[in-house]
Amino acid sequence: MQLAKRMGELGTESAFEVLARAKALEAKGRSIINLGIGQPDFPTPSHIVEAGRKALADGHHGYTPSNGILPLRETVSAHLRERYGVEVNPDDVVIVPGGKVTMAFAMLMFGEPGAEILYPDPGFPIYRSMIAFSGATPVPYPLPESLGFGMSADDVLARITERTRLIILNSPGNPTGGVVAPDEVRKLAAGLVRWPEVVVMSDEIYSRLIYGNAEHFSLLNLPELRSRLILLDGWSKTYAMTGWRLGFGVWPSGLAELATRLAINTHSCVNAATQYAGIAALTGPQDAVATMHAAFAERRDVVVEELNRIAGIRCASPGGAFYAFPNISGTGFDCRTLQDRLLEEAGVAAIAGTSFGGFGEGYIRLSYANSVENIRLAIARIADWLGSNRKPVAD
Ligand code: PLP
């Protein structure tokens with residue numbers, strides 16, 4: 001058999017690989033605390049589950065329009081009006097099976113050999129993977145720890161060339177929890193005036209998981225970018241709905257039709273019951289969201305405090321998402337070795353920073369979508385393990 005060459009370009013998410021190794025160790029009787037996987041550890045709120053169940057009982061068993069049922073697209077539009085004070089035409093909203101699909105469609109729409117697509121590093125590994133799969137050249141821009149892992153407009157603008165088609169932004173960010181400063185976004189928008197052909201995809205899937213003084217600044221708030229903005233958001237993280245597969249994209253006028261055509265050619269539509277559950281999520285009581293948010297905020301403080309007690313580790317307080325991205329360079333271990341040995345010898349699943357790009361060396365990602373008790377225990381295991389295995393660090 002002769003596979004298409006582009007299949008060799010597809011990457012993966014190490015979180016799934018580490019999860020499989022953790023499960024295999026558990027099957028052998030080992031105790032593993034999983035701070036590797038990035039999904040809320042809460043059940044979907046019951047009124048949302050009930051709405052999905054009712055939709056099935058009411059007979060919503062068939063195909064729906066490929067871009068999603070109108071009541072859901074209208075609900076998304078009303079939700080965005082309420083959150084950001086902006087008008088979004090429901091016809092520019094495309095409902096997809098998870099945030100990832102908006103991402104994939106954007107790369108397929110703009111990526112081809114000869115094109116360049118800019119993406120954050122450290123960043124969600126699927127960006128690089130799908131850019132390369134599309135045939136385009138992935139161009140990473142760094143997210144420095146010194147900027148709280150937010151992007152610097154100058155770093156992004158300096159990498160734009162005549163070949164740049166698309167820039168990916170992600171705030172709050174995976175794997176760092178970094179939140180971009182609104183002034184940097186405005187500066188980027190001002191610099192993009194010179195590059196009118198360049199499109200921006202803003203991945204705001206963690207936009208409602210934001211803590212302390214951090215603020216989420218949606219790119220929807222910049223009218224000057226609206227005609228070339230693809231907004232990626234969804235239900236997975238906010239409503240603990242990762243397994244339902246539901247997300248939405250807001251597309252520039254004209255592009256929603258192309259995204260819908262991609263949907264027709266791939267998944268046809270999101271399953272009907274899930275779409276009704278999505279309406280219930282956005283229009284129903286939000287107290288479960290507040291409860292989950294409060295739990296994540298508490299855990300964030302615990303993770304940061306406990307990690308900073310360990311000699312050789314320095315952890316900035318993340319402004320959003322549910323990840324901490326401690327700097328481990330003072331331990332003397334490279335991140336991959338630390339990931340492997342923490343899993344096998346300390347019983348803690350964490351992800352090496354380089355799984356998120358070359359600029360991730362010197363860091364590991366810990367997901368705090370786990371109980372405070374488990375987080376404390378995991379960090380105590382890391383401290384104990386480092387206590388007995390610490391390497392001398394050269395100055
Ligand atoms: N964007 C980022 C930055 C993510 O971390 C994830 C999931 O981990 C997604 C998008 C995809 O979310 P979904 O599960 O809705 O496809």
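Both counts, for ligands and for their atoms, begin at 1 and track the order of listing. Just so it is clear, the model here is predicted, and its values are computed rather than measured.
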Within the side chain of W235, is there an N or O that forms a donor-acceptor pair under 3.5 Å with the backbone of G278?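 Yes; at least one donor-acceptor contact below 3.5 Å.
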List the atom of [X], the atom of [Y], and the distance in Å for their closest heavy-atom pair.
| X | Y | answer |
| --- | --- | --- |
| M201 | A106 | SD-CB, 3.8 Å |
| E74 | P90 | CG-CG, 4.0 Å |
| S367 | G38 | OG-CA, 4.3 Å |
| V179 | A214 | CG2-CB, 4.3 Å |

Can you pull the residues with any heavy atom under 4.0 Å from ligand 1?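 For ligand 1, the residues that come within the 4.0 Å heavy-atom cutoff are G98, G99, K100, M103, F124, Y127, N170, N174, D203, I205, Y206, S236, K237, R245.
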Salt bridge or not for R21 and E344, using N-O below 4.0 Å?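 Here R21 pairs with E344 in a salt bridge, since their nearest N and O are under 4.0 Å apart.
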